[in-house]
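Data block below; observations after.
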Amino acid sequence: MQDKYLPADIERAAQQYWDDSAAFRVSADASRPKYYCLSMFPYPSGKLHMGHVRNYTIGDVLSRFHKMKGFNVLQPMGWDAFGLPAENAAIKNQVPPAKWTYDNIAYMKQQLKSLGFAIDWSRELATCTPEYYKWNQWIFLRMLEKGIAERKTQVVNWDPVDQTVLANEQVIDGRGWRTGAVVEKREIPGYYLKITDYADELLGDLDQLGGWPERVKLMQANWIGKSTGVRFAFKHDIADADNGGGPIGDGKLWVFTTRADTIMGVTFCAVAAEHPLALHAAKSNPGLAAFIEKCKHGSVMEADMATMEKEGLPTGLYVTHPLTGKQVEVWVGNYVLMSYGDGAVMGVPAHDERDFAFAKKYGIEIKQVIAPIQLVGITGTLQDKEQQLYWKGNTDDFSVDAWRPSYAEYGVLVNSGAYDGLSAAQAVDAIAADLAAQEVGEKKVQWRLRDWGISRQRYWGCPIPIIHCDSCGSVPVPDDQLPVVLPEDCVPDGSGNPLHKREDFLHVDCPKCGKPARRETDTMDTFVDSSWYYARYATTFGADKMVDDETNYWMTVDQYIGGIEHAILHLLYSRFWTKVMRDLGLVEYREPFAHLLTQGMVLNNAFFHKPEGGGKNYFWESEIDIQKDAKGQITGATLKKDGTVLEHELTTMSKSKNNGVDPQALIEQYGADTARFFMMFAAPPEQTLEWSDAGVEGAYRFLRRVWSFGHVFGSEIRPQIGVQRQLAGAKLPEALAAFRREIHLLLKQANYDLGKQQFNTVASATMKMLNALEKAPREGALAAEVIEECFGILLRVLSPLTPHISHALWAQLGYGDDILAAAWPEPLEAALVQDEVELMLQVNGKLRGSVRVAADAPKDTIEAVALTHEMTIKFLEGRPAKKVIVVPGRLVNIVG
RNA sequence: GCCCGGAUGGUGAAAUUGGUAAACACUGCGGACUUAAAAUCCGCCGCCGUAAGGCUUACGGGUUCAAGUCCCGUUCCGGGCACCA
């Protein structure tokens, strides 16, 4: 064998072997347990970045590990190929998004191949191909039939200069990214999927997802946000001529609250700018009309809504409190959303932080109605069944001067008339009952989750299969005319959807009446594409069905791996989609992903400049000079060409921020095995990783040492092994036994860590194994046999991480033909036994030394040895030992 | 602002889930080999102290024989917030 480690040759040969033997091409096989290992497919942005290498190496380690454990392993790959970056590239370079996307796919596929992933490429798919997105359209039509999809209005970011809808990402500080114009909210029609119909099931089934991280389930549960509250109405007789002179909303202003216990503290109501009461009042109030107009500016993002200055204006209208009968003034608030609940809220300044700030700002009354519980008396004794506790609310600590978080806590009702002294739960029951008696309210379950708006006013996406006819309205495209194919030669210019200018796409005859009609030009949210690709991979390739029977063999996905940034939206939409497919009779399973590994983000610094008029211009690190302090912390950055001072942020690697690090240079210089090993060694998978290539050399050095040990083993050690093997049952010399024990202990730890999916310590276990192997006794047949066994263990543990070098050494050193076919190693109990153990000796919790005892020494013996230890005597300073704690196999702590 | 995470030497990190803090590496320093360089190998490397020893897991409290790990409060950093994917 070659004495130098030449990764390029080794990797080419191994990949050739896997290709020639179709090693990763799989089909359904009921005789073996299956393992469907899926990594989130990449957006084809141009080049792989380190986040991809991390994601796909994790998937590959798990795939190869399970393959060696005897599973029928499916690991597919494809492309999340529709989306905004292709349009941005088109604007910049005048290249059609289709060409840009397909070119990127070709390049990135070759990069993935060079990393040696065990992928079944025969199942590759790209979501921008008609044979894939046809089924988006097909199932969308089924959802329309079932009433799961519907058309209603949506609020979007509108750029008044470019006359186009902006994605949230394209809105920076409330302005359009290209024009710098202040963004407006605009209502337009669009299609929605009723994910809220599945809210209960999506929440309830989280309990079935034992293989998901708790934090992801918690995030999803909070997102779905089930809350039980009370929906009730304030009565009024505000009439409007446009309403035929009748009272607006039947004379009821509906609101929803989760804190009905504070209802007696209501001192105002706030409605959204688009609320009928606001519009009514604005007719005779130019100031209010102007305020309502102003509320239309700004973005639709929740984060912006939550952090903006809360402003309001009184309408001069009053409504009647249903329980006190008092008049309550109605305000218009810029923080109240028409699209959420009834577009109105009750204001309780004393017990809600936002209402408190609003009331202070506008001089609205603040009335305390909740107070901390204070015990005022007990009758009887603890044994007395008639025992009574008496309490009241303690109002001493309340002040209207400044908000305190404790004001929002649950307590006892005060200043609430008949409800005084009730707890929150009792009060909600009593108040809901009283409201119900008047028929102006009831308990209601409210969800935070909103329906999923899938219409996008963009070109590079899946066309929504609808035809608009003047006579027949919105008509679904008949199934036999699917797919509605997206023309692939358009070049967007940033000023709206280029499909509007495509006469050949636009004009079509109405399928119902045959008259000339117009195609829908909106395309689908790209989350639609990624909501079911896992099921398509598992379907017979090219099947003329959305999914076929094979999907029921492979699904559900046994292990899903992807970035934590997808914890809510993508994963929730996929779960929803699976349930819809089940209800349409397409699949048998109800959850798509059994186990989820949420990979931590790979972060890198991004450098940007904010030009006048808004937006952020990002620069590549090669374009700038970076200033650092003595500790290596970045203190500033300037643009090389003109010295412009730049800002910087630590953030996830992305195409749009020019901060992605391409792994290509790493692979070319060191090889795929080094890149993979280093990536796994750098940090545990779930942890955020700040990118740095310091340490790549170390990984490369390690693999070189593995190779040269292999060479020494093959040429000097292995030849010592006799014809008759002697290892089984042999009594080994102490040094040899200790070495063997060390390897088997490391194997035990590595297997444990693989179970925990903590691959960085698996990598360090392999390094420790090599350190031990290099120092192991080498002379004699017995030593050679032990080394053969232990090096074989190292190669197999290493193989999921660095498959190429492991493949080459395994075959060349005669361990077998194919390491993938070898059985995964398990530690031998016989190799692990130990006569003596070392226990740490603590005196009063501080480490003072250690004691060696027989592995099976009873507690008394250990105590006796510890108590007579010189350090015990020294640090007890003559005091008697009050207590001795023995933790078997670990330590002795003497308390005195 | 709200929801979810994270913070350990100069650096990436480890700690078998409450029981030796810093394993394994990177960097740096010193040495061997070499005409020389590279590669390789050996040694040292948390802070204070000559030592004995003391201190140390973002910060401040608490529980415990024992806390990086559990509880309470705070700071900073990251992810998500529904049209980036």
Side-chain angles (χ1 to χ4, degrees), chain A residues 40 42-43 45 80 82-85 88 154 156-157 165-171 213-216 218-219 221-223 225 300-308 353-354 448-458 525-527 530 563-570 572-573 598 600-601 603 630-632 650-652 654-657 678 681-684 686-690 692 694-699 701-702 704-705 708 748-749 752-753 756 758 760-761 763-768 771 838-842 844-847 850 882-885 887 889-896:
Chain A
M40 289 181 187
Y43 179 79
S45 57
D80 190 11
F82 275 136
L84 207 48
N88 294 341
Q154 53 179 348
V156 296
N157 300 303
V165 176
L166 297 178
N168 282 339
E169 189 192 45
Q170 298 171 316
V171 180
E214 285 304 319
R215 62 171 161 151
V216 174
L218 189 56
M219 279 191 262
N222 289 341
W223 184 264
V300 300
M301 289 155 75
E302 189 190 296
D304 290 340
M305 300 292 292
T307 50
M308 73 186 177
E353 188 170 9
R354 190 174 59 182
R448 209 188 77 94
L449 183 67
R450 307 200 296 259
D451 279 331
W452 177 13
I454 58 156
S455 290
R456 297 290 179 270
Q457 296 68 45
R458 302 191 199 295
D525 181 2
T526 56
F527 275 126
S530 55
I564 183 68
E565 76 273 24
H566 295 293
I568 296 174
L569 291 180
H570 162 61
L572 192 65
Y573 290 148
T598 47
M601 305 274 74
L603 306 182
K631 279 195 157 184
L650 190 61
T651 182
T652 145
S654 102
K655 177 84 186 166
S656 59
K657 292 171 192 154
F678 172 64
F681 182 62
E686 306 226 75
Q687 192 166 309
T688 305
L689 178 63
E690 207 174 316
S692 157
V696 175
E697 280 285 349
R701 195 174 301 150
F702 167 67
R704 271 199 316 249
R705 277 169 57 208
S708 58
K748 192 174 176 182
Q749 182 229 309
Y752 178 80
D753 290 346
K756 281 200 301 180
Q758 184 173 289
N760 56 326
T761 48
S764 46
T766 62
M767 289 174 136
K768 290 175 186 174
N771 289 346
E838 188 176 28
L839 301 182
M840 292 307 113
L841 174 64
Q842 289 185 344
N844 288 325
K846 286 194 188 262
L847 185 68
S850 63
K882 282 187 267 186
K883 197 171 173 186
V884 180
I885 289 141
V887 183
R890 292 229 171 250
L891 60 70
V892 191
N893 187 14
I894 293 159
V895 185

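Because only heavy atoms are used, hydrogens play no part in the values below, and waters and symmetry mates are left out as well, while side chains stay in. Since we're looking at a predicted model, the values are computed, not measured. Lettering of chains follows the sequences in order, A, B, ..., and the numbering in each one begins at 1.
Comparing Gly698(A) and Trp223(A) by the nucleotide of RNA chain B whose heavy atom lies nearest to each, the residue mapping closer to the 5' end is Gly698(A). Residue Ala306(A) is the one, among Ala306(A) and Leu689(A), whose nearest nucleotide of RNA chain B lies closer to the 5' end (criterion: closest heavy atom).
With a cut-off of 3.5 Å on both pairing distances, the Watson-Crick or G-U wobble partner of rC2(B) is rG80(B). Using the Watson-Crick or G-U wobble rule with both distances under 3.5 Å, rG9(B) pairs with nothing in any strand shown. rA14(B) is unpaired under the Watson-Crick or G-U wobble criterion, no partner having all donor-acceptor distances under 3.5 Å. Remark: rC47(B) base-pairs with rG54(B). Criterion, Watson-Crick or G-U wobble with two distances under 3.5 Å.
Listed candidates were rU40(B), rA85(B), rC41(B). Nearest to the side chain of Arg705(A) is rC41(B). Nearest nucleotide to the Gln687(A) side chain, out of rA13(B), rG79(B), rC83(B): rA13(B). Closest contact between the side chain of Glu565(A) and the listed nucleotides rC83(B), rC24(B), rA85(B) involves rA85(B). For Leu569(A), the side-chain atoms get nearest to rA85(B) when compared with the rest of rA85(B), rC83(B), rG78(B). The side chain of Asn771(A) approaches rA25(B) more closely than any other nucleotide in the set rA39(B), rA25(B), rC83(B).
Across all strands, Asp753(A) comes closer than 4.0 Å to no nucleic acid atom at all (heavy-atom distances). Across all strands shown, Ser455(A) has heavy atoms under 4.0 Å from base atoms, whether or not it also approaches the sugar-phosphate. Within 4.0 Å of Phe681(A), counting heavy atoms only, lies at least one base atom of the nucleic acid. Counting any heavy atom pair closer than 4.0 Å across all strands shown, Pro42(A) reaches no nucleic acid atom. As judged by a 4.0 angstrom heavy-atom cut-off over every strand, Gln154(A) is placed among the base-contacting residues. Across all strands shown, Thr526(A) has heavy atoms under 4.0 Å from sugar-phosphate atoms exclusively, and none from any base. Looking at heavy-atom distances under 4.0 Å, Val171(A) makes no contact with the nucleic acid at all. Residue contacts shown for Ala682(A) are limited to sugar-phosphate atoms, with no base heavy atom under 4.0 Å away. Arg701(A) comes within 4.0 angstrom of the backbone, heavy atoms only, and of no base. Contacts of Ser692(A) with the nucleic acid, taken as non-hydrogen atoms under 4.0 Å apart, are absent. Met308(A) comes within contact range of no nucleotide atom at all, as no heavy-atom separation falls under 4.0 Å. Among the protein residues, Ile894(A) comes within range of no part of the nucleic acid, since none of its heavy atoms lies under 4.0 Å from any strand. Contact annotation for Val884(A): no contact, since no heavy-atom pair falls under 4.0 Å across all strands.
Glycosidic conformation of rG80(B): anti, with the torsion beyond 90° of 0.
Under the side-chain hydrogen bond (donor to acceptor under 3.5 Å, both in side chains) criterion, Trp452(A) pairs with Asp525(A), sequence neighbours left out.
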List every contact pair, protein side and nucleotides 53-55 of chain B side both N or O, where the distance is under 3.5 Å.
unit_1: rG53(B); atom_1: OP1; unit_2: Lys874(A); atom_2: NZ; d: 3.4
unit_1: rG54(B); atom_1: OP1; unit_2: Arg848(A); atom_2: NH1; d: 3.3
unit_1: rG54(B); atom_1: OP1; unit_2: Arg848(A); atom_2: NH2; d: 3.0
unit_1: rG54(B); atom_1: OP2; unit_2: Arg848(A); atom_2: NH1; d: 3.2
unit_1: rC55(B); atom_1: OP2; unit_2: Lys846(A); atom_2: NZ; d: 3.0

For nucleotides 17-21 of chain B, which of its nitrogen or oxygen atoms have a protein nitrogen or oxygen under 3.5 Å away, and what is each distance?
none

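Closest approach of Gly563(A) and Met40(A) over heavy atoms only: N-SD, 3.9 Å.
At least one donor-acceptor pair under 3.5 Å links the side chain of Asn893(A) to the backbone N or O of Gly845(A). Within the 3.5 Å criterion, the main-chain N or O of Pro684(A) finds no donor-acceptor partner in the side chain of Gln687(A).
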